[in-house]
Amino acid sequence: MGSEMRPKPSIIPPWADVLWGAALTALWMVGALKLYAASWPMIIFATLLYSFICAAILTRWPRDKDFGWANRATLFRSSLIIALVAAAPFLPATPSSDHTLWIYAIGALTALILDGVDGKLARVTHSASAFGARFDMEMDALLILGLCIAVVMSGKAGTWVLALGLMRYLFVAAASVLNWLNRPLPQSFRRKTICVWQIVTLMVAILPPVPPMFASLTLATALLLLAWSFLTDMYWLYERRFHHETV
């Protein structure tokens, strides 16, 4: 009887979270548009990126299940990341634009700091999920790609830096062809450390006082570490490919 009288917890439908996420993304974009002179391309780019997130949430998250505060924290961070990525191709590289580079780096640092919030909320609220883990990982990958574009546009390094941001997507493309690459990987401190190192080196490279030679050296180190990490994971998956196919 007592369990029947107990009120059910309120559930916020996913579409409501999608709406406030869209409003927050629009606010970030207003700030970006005040700094960079490329209004329509930036708006279109940001709209496309957020549309992908909306599609993922509305199609993969159960409608009768609350989205959870951990996923909301990731959605909050994704709105900032979208603005950073949308602005990256239009980042100027002239000395008079130093303040815009500083603001961009501060925005990226904020996104990096917020990266730990969703995981902590998931543990505190006992709401960890495969969707949330993937959502967080994809936002990390998107932030890295945006920072790579920003570094190239700022003139601190050549287009080879884009390999840092594209490697994750190349792995996903390969996994669509080679089924054994889809096997879940174990938790790895090495993988997390290299991810943070990528983001930090990219943010440092954007800063105006950092010379291109130093930026290129640290980014080349990050690229080598990332390539080693991916090869290590792929070798681990390759060794277990037959077990994966027979399960």
Side-chain angles (χ1 to χ4, degrees), residues 17 20-32 34-36 46 49-50 53 56-57 67-88 91 98-129 131-151 153-154 156 161 164-165 167-168 187-210 214-215 218-219 221-222 225-226 229:
D17 288 298
W20 71 255
L24 187 58
T25 303
L27 286 177
W28 288 120
M29 288 304 300
V30 168
K34 290 183 178 295
L35 291 172
Y36 312 106
L49 289 174
Y50 193 74
I53 293 177
I57 293 174
F67 198 47
W69 291 107
N71 287 331
R72 290 186 183 106
T74 307
L75 184 60
F76 178 90
R77 186 167 72 99
S78 71
S79 66
L80 174 58
I81 290 174
I82 286 174
L84 291 169
V85 176
L91 199 66
D98 281 1
H99 70 285
T100 62
L101 295 177
W102 281 107
I103 293 173
Y104 194 94
I106 291 171
L109 178 61
T110 303
L112 178 60
I113 293 172
L114 290 172
D115 187 24
V117 175
D118 48 10
K120 188 172 183 178
L121 280 173
R123 290 188 294 272
V124 170
T125 60
H126 305 287
S127 59
S129 64
F131 176 91
R134 182 66 182 269
F135 189 13
D136 181 56
M137 181 173 61
E138 295 301 337
M139 288 303 100
D140 287 340
L142 186 60
L143 175 60
I144 291 171
L145 180 59
L147 287 171
C148 289
I149 297 172
V151 168
M153 297 307 298
S154 67
K156 294 297 185 71
V161 173
L164 278 167
M167 203 170 295
R168 157 71 184 163
Q187 292 292 326
S188 170
F189 179 76
R190 175 253 309 164
R191 201 179 302 121
K192 293 177 181 178
T193 302
I194 292 177
C195 178
V196 173
W197 175 251
Q198 277 180 270
I199 298 175
V200 170
T201 52
L202 286 165
M203 286 192 303
V204 170
I206 294 172
L207 299 178
V210 176
F214 179 81
T218 56
L219 290 170
T221 303
L225 288 172
L226 182 64
S229 181

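Reckoned from all heavy atoms, side chains included, excluding hydrogens, waters and symmetry mates.
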List, one per line, each side-chain donor-acceptor pair under 3.5 Å for residues 76-86, sequence neighbours excluded.
| residue | atom | partner | partner atom | Å |
| --- | --- | --- | --- | --- |
| Arg77 | NH1 | Asp140 | OD1 | 3.1 |
| Arg77 | NH2 | Asp115 | OD1 | 3.2 |
| Arg77 | NH2 | Asp136 | O | 3.4 |
| Arg77 | NH2 | Asp136 | OD1 | 2.7 |
| Arg77 | NH2 | Asp140 | OD1 | 3.1 |
| Ser78 | OG | Leu75 | O | 2.6 |
| Ser79 | OG | Trp28 | NE1 | 3.1 |
| Ser79 | OG | Phe76 | O | 2.5 |

What pair of heavy atoms forms the shortest contact from [X] to [Y], and how long is it?
| X | Y | answer |
| --- | --- | --- |
| Val117 | Ala73 | CG1-CB, 4.1 Å |
| Arg168 | Ala141 | CG-CB, 3.7 Å |
| Ile206 | Ala150 | CD1-CB, 3.9 Å |
| Met203 | Leu112 | CE-CD2, 3.5 Å |
| Ala70 | Leu121 | CA-CB, 3.9 Å |
| Gln187 | Arg191 | C-NH1, 4.3 Å |

With sequence neighbours excluded, residues passing salt bridge (charged side-chain N to carboxylate O under 4.0 Å, His left out) with Arg123: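 Arg123: no salt bridge (charged side-chain N to carboxylate O under 4.0 Å, His left out) contacts found.
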Output the distance between atom [atom1] ([X]) and atom [atom2] ([Y]), rounded to the nearest 0.5 Å.
| X | Y | atom1 | atom2 | result |
| --- | --- | --- | --- | --- |
| Ile57 | Tyr50 | CD1 | OH | 6.0 Å |
| Leu143 | Met139 | CG | CE | 9.5 Å |
| Ile106 | Leu207 | CD1 | CG | 9.0 Å |
| Leu164 | Cys148 | CG | SG | 4.5 Å |
| Leu226 | Thr221 | CG | OG1 | 12.5 Å |
| Thr218 | Leu202 | OG1 | CG | 8.5 Å |

Worked verdict on Leu49 versus Leu142 for side-chain contact (heavy atoms from CB on, under 4.5 Å): CA-CA 10 Å; Leu49 289 174; Leu142 186 60; 4.3 Å; yes
Inter- and intrachain pairs under side-chain hydrogen bond (donor to acceptor under 3.5 Å, both in side chains), touching residues 197-209, at least two apart: none
Heavy-atom side-chain proximity of Ile199 to Ile144 below 4.5 angstrom: yes
Exam field: side chain Lys156 to backbone Ala215, donor-acceptor pair closer than 3.5 Å: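 No; zero donor-acceptor contacts below 3.5 Å.
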Side-chain donor/acceptor of Arg72 to backbone N/O of Asp17, under 3.5 Å: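 No; judged by distance alone, with no hydrogens or angles, the pair does not exist.
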Option among Phe67, Phe135, Phe131 that satisfies the side-chain contact (heavy atoms from CB on, under 4.5 Å) test with Thr74: Phe135
